[in-house]
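Inspection log for the structure reproduced underneath, given as structure tokens.
All heavy atoms count here, side chains included; hydrogens, waters and symmetry mates do not.
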Amino acid sequence: MMRKEKKLVEEITAMEDDFAQWYTDVARKADLVDYASVRGSMIIRPYGYAIWEHIQKELDRQIKDTGHENVYLPLFIPESLLQKEKDHIEGFAPEVAWVTHGGEEKLAERLCVRPTSEVLFCEHYANIIHSYRDLPKLYNQWGNVVRWEKTTRPFLRSLEFLWQEGHTCHATDEEAGEETRRMLEVYADVCEEYLAVPVLRGRKTDKEKFAGAKFTLTIESLMHDGKALQTGTSHHLGSGFAEAFGIQYTDKKGKLQHVHQTSWGITTRLIGALIMVHGDNRGLVLPPKIAPVQVMVIPIAQHKEGVLDKAYELKDQLNKTVRAGIDASDKSPGWKFSEHEMKGVPLRIEIGPKDIEKNQAVAVRRDTGEKIFLSLDELKTRIPLLLEEIQKGLLQKAKAHREEKTNIALSMDEFKAVLESNPGFIKAMWCGDRECEDQIKEETGATSRCMPFEQEVISKTCVCCGQEAEELVYWAKAY
């Protein structure tokens with residue numbers, strides 16, 4: 001039995017040997033996800049969903065604090081409705097799943113399973129917006145979408161995923177621009193302050209922007225293997241959708257105007273970011289603010305009189321200030337240690353007969369492995385402080401990693417050499433020409449991640465063509 005237990009907590013491929021397999025091993029062994037019967041779809045297990053609920057709770061709070069209301073729109077979109085905005089449908093066409101039959105009957109018109117809900121919101125807004133008094137309309141939807149991805153991976157890319165999508169209407173272009181930037185900052189705050197994942201803020205190139213948008217703002221994060229992950233986007237849609245769908249309002253002068261729109265969203269891929277930014281060869285490492293269980297109490301020699309009672313007493317005491325659990329199963333203490341380390345529990349508390357005699361417990365940090373002997377009398381005050389230290393430490397560590405893997409390239413030779421020797425973010429100047437952007441991807445596999453808001457001039461010439469440069473761009477290979 002002991003041999004089998006030991007094997008259960010050791011079946012994680014080392015990230016240095018095969019990062020992709022390490023990621024999949026952690027996602028499954030930590031009970032976050034399992035595969036479903038349809039290729040590329042996933043079952044989010046209770047522990048994984050609990051992480052999503054904590055992310056969702058904080059993000060929902062901030063969305064509502066900025067004046068937005070939650071709504072829910074249908075899952076299906078008629079093909080004729082999807083066709084109304086040409087650039088939009090062309091951008092999503094390769095990923096669309098179609099419903100052609102209802103029962104045995106062939107439908108008169110195909111229905112798209114929503115890959116995103118812009119056209120549904122536009123149809124609704126055209127019906128409810130009439131006057132300047134109706135603006136702004138600040139709606140958000142929590143739901144699921146389907147995108148028929150060719151290559152899938154749990155959380156990062158799956159046929160169906162969970163997300164929120166905000167859709168807003170404004171009287172002016174300037175107001176829509178402010179909304180686009182405001183919501184990007186909400187995303188950045190959730191990522192950095194709650195997930196301890198540092199982000200770069202910037203604007204997407206025209207090639208990488210959302211289909212049909214005037215411009216797209218993004219937050220980009222760097223994973224442990226040096227690949228980038230787009231962790232949230234906010235789009236200024238301008239008036240293009242409004243013109244296609246006839247979303248007009250009468251202004252204060254009695255003149256008809258088209259609204260200006262935004263859309264923005266984050267998804268369950270944030271869980272993938274958590275795994276790849278903080279995880280190690282023992283499994284998950286979760287920031288305390290979004291960990292389903294922040295402290296796990298583990299009784300040692302629990303068969304001895306008084307140990308279990310004391311462990312439950314500790315758990316109940318801790319639950320007044322933190323999310324605490326107890327593992328009173330019949331597994332060995334060593335198995336329990338490994339299991340909860342694998343699941344990324346930020347802090348475990350060990351207590352046995354000798355500890356009870358000394359009026360103490362042993363606290364073990366998941367992030368550093370440090371053991372700390374604490375008086376039982378000070379647990380109530382020390383544990384929240386330790387969790388705060390872990391939260392801050394994880395963000396600092398991730399920032400240091402990003403800094404270490406961010407390099408400058410002034411020529412294509414330097415670009416390729418850096419990408420080979422120390423993959424990560426590459427800061428390089430760009431002339432703004434789509435041909436250079438395409439050539440960089442073709443020759444290196446790296447894509448433009450963002451044009452940062454805080455621009456630097458590290459060279460006067462484009463890294464690719466040598467012509468006059470317009471923008472500093474962060475480049476990277478990406479998920």
Side-chain angles (χ1 to χ4, degrees), residues 87 91 173-174 176-189 191-192 197-223 226-238 240 262-266 273 399 402-403 405-412 414-416 418-419 423-479:
D87 290 341
D173 183 85
E174 291 75 20
E178 289 172 9
E179 167 79 358
T180 308
R181 290 184 285 273
R182 180 186 305 114
M183 298 318 296
L184 190 80
E185 286 303 315
V186 167
Y187 290 162
D189 180 76
C191 282
E192 295 189 330
V197 172
V199 299
L200 294 175
R201 300 159 171 82
R203 180 169 169 163
K204 287 288 191 184
T205 64
D206 284 345
K207 176 187 176 181
E208 296 290 333
K209 73 178 182 180
F210 180 74
K214 182 177 179 180
F215 63 78
T216 290
L217 304 183
T218 183
I219 50 174
E220 302 282 331
S221 302
L222 195 67
M223 305 299 101
K227 285 187 178 180
L229 185 73
Q230 179 180 287
T231 37
T233 48
S234 186
H235 316 290
H236 188 327
L237 301 179
T262 77
S263 69
W264 27 272
I266 60 99
K399 282 183 175 178
R402 184 183 68 182
E403 187 69 24
K405 297 188 78 65
T406 300
N407 293 280
I408 290 173
L410 304 180
S411 68
M412 283 299 287
E414 284 186 13
F415 195 110
K416 293 173 184 176
V418 164
L419 204 57
F425 283 127
I426 298 176
K427 295 161 66 173
M429 302 303 292
W430 177 53
C431 63
D433 195 321
R434 170 72 177 267
E435 287 185 10
C436 285
E437 189 176 2
D438 290 341
Q439 187 177 336
I440 290 171
K441 182 178 181 181
E442 184 179 335
E443 291 188 18
T444 69
T447 55
S448 60
R449 304 317 306 160
C450 71
M451 298 175 286
F453 297 145
E454 296 180 9
Q455 281 284 310
E456 303 173 59
V457 179
I458 59 175
S459 170
K460 293 184 178 180
T461 58
C462 174
V463 70
C464 183
C465 68
Q467 299 299 311
E468 185 177 352
E470 289 187 1
E471 300 270 2
L472 173 77
V473 176
Y474 277 86
W475 310 80
K477 291 184 177 181
Y479 285 99

TODO: Determine the minimum heavy-atom distance between Ser459 and Met429, stating which atoms define it.
DONE: O-CG, 3.4 Å
- [ ] Heavy atoms only: give me the nearest Ser221-Val197 pair and the separation to one decimal.
- [x] OG-CG1, 3.3 Å
Open item on the list: Against Thr216, only a single residue in Glu208, His235, Arg203 fulfils side-chain hydrogen bond (donor to acceptor under 3.5 Å, both in side chains); can you say which?
Closed with: His235
Open item on the list: With salt bridge (charged side-chain N to carboxylate O under 4.0 Å, His left out) as the criterion, how do Arg201 and Glu185 come out once you've worked through the C-alpha distance, each side chain's angles and the decisive distance to 0.1 Å?
Closed with: CA-CA 9 Å; Arg201 300 159 171 82; Glu185 286 303 315; 2.9 Å; yes
Open item on the list: Taking the side chain as everything from C-beta on, heavy atoms only, tell me whether Phe415 gets closer than 4.5 Å to Ile426.
Closed with: yes
- [ ] To the nearest 0.5 angstrom, please state how far the CG atom of Leu200 sits from the OG1 atom of Thr406.
- [x] 7.0 Å
Task: Candidate pair Ile408 and Lys427, rule side-chain contact (heavy atoms from CB on, under 4.5 Å), full reasoning - done: CA-CA 5 Å; Ile408 290 173; Lys427 295 161 66 173; 4.3 Å; yes
Task: NZ/NE/NH1/NH2 to OD/OE distance under 4.0 Å, Lys399 and Glu192 - done: no
Task: Test applied, side-chain hydrogen bond (donor to acceptor under 3.5 Å, both in side chains); reference residue, Gln439; option that passes from Glu443, Glu437, Lys441, Glu435 - done: Glu443
Task: From OG (Ser448) to CZ (Arg434), nearest 0.5 Å - done: 9.5 Å
TODO: Taking all heavy atoms of Ala409 and all of Ala428, pick out the closest pair and write down the distance.
DONE: O-CB, 3.6 Å
Task: Reported OG1-to-CE distance for the pair Thr233 and Met183, which is rounded to 0.5 angstrom - done: 12.0 Å
- [ ] Kindly determine whether Glu414 and Asn407 satisfy side-chain contact (heavy atoms from CB on, under 4.5 Å), including the steps that lead there.
- [x] CA-CA 10 Å; Glu414 284 186 13; Asn407 293 280; over 6 Å; no
- [ ] Can you measure from CG (Leu222) to CZ (Arg402) and round to the nearest 0.5 angstrom?
- [x] 8.5 Å
- [ ] Measure the spacing between CG of Leu184 and CG of Leu217 and express it to the nearest 0.5 Å.
- [x] 5.5 Å
Task: Derivation and outcome, side-chain contact (heavy atoms from CB on, under 4.5 Å), residues Thr447 and Lys207 - done: CA-CA 10 Å; Thr447 55; Lys207 176 187 176 181; 5.8 Å; no
Task: For Lys204 against Met451, the heavy-atom pair lying closest together - done: O-CE, 3.4 Å
Open item on the list: So which atom in Phe425 and which in Ala228 form the shortest heavy-atom distance, rounded to 0.1 Å?
Closed with: CE2-CB, 3.8 Å
Open item on the list: Under a plain distance cut-off of 3.5 Å, with no hydrogens placed, do Arg182 and Thr180 share a side-chain donor-acceptor pair?
Closed with: no
Open item on the list: Distance check, rounded to the nearest 0.5 Å: Lys214 atom NZ versus Thr262 atom OG1?
Closed with: 12.5 Å
TODO: Go through the steps for Thr218 and Arg449 under the test side-chain contact (heavy atoms from CB on, under 4.5 Å), then give the verdict.
DONE: CA-CA 8 Å; Thr218 183; Arg449 304 317 306 160; over 6 Å; no
Could you go through residues 464-479 and list every donor-acceptor pair under 3.5 Å that involves a side-chain atom there, pairing it with any protein atom two or more places apart or in another chain?
from	atom 1	to	atom 2	distance (Å)
Glu471	OE1	Gln455	NE2	3.3
Trp475	NE1	Val473	O	3.4
Tyr479	OH	Asp225	OD2	2.5

Open item on the list: Donor-acceptor check, side chain of Arg181 to backbone of Ser234, threshold 3.5 angstrom: yes or no?
Closed with: no
- [ ] Return the minimal non-hydrogen interatomic distance between Cys436 and Trp430, and the atom names on each side.
- [x] CB-NE1, 4.0 Å
Task: Counterpart residues, salt bridge (Lys or Arg N to Asp or Glu O under 4.0 Å), relative to Asp433 (two or more places apart) - done: none
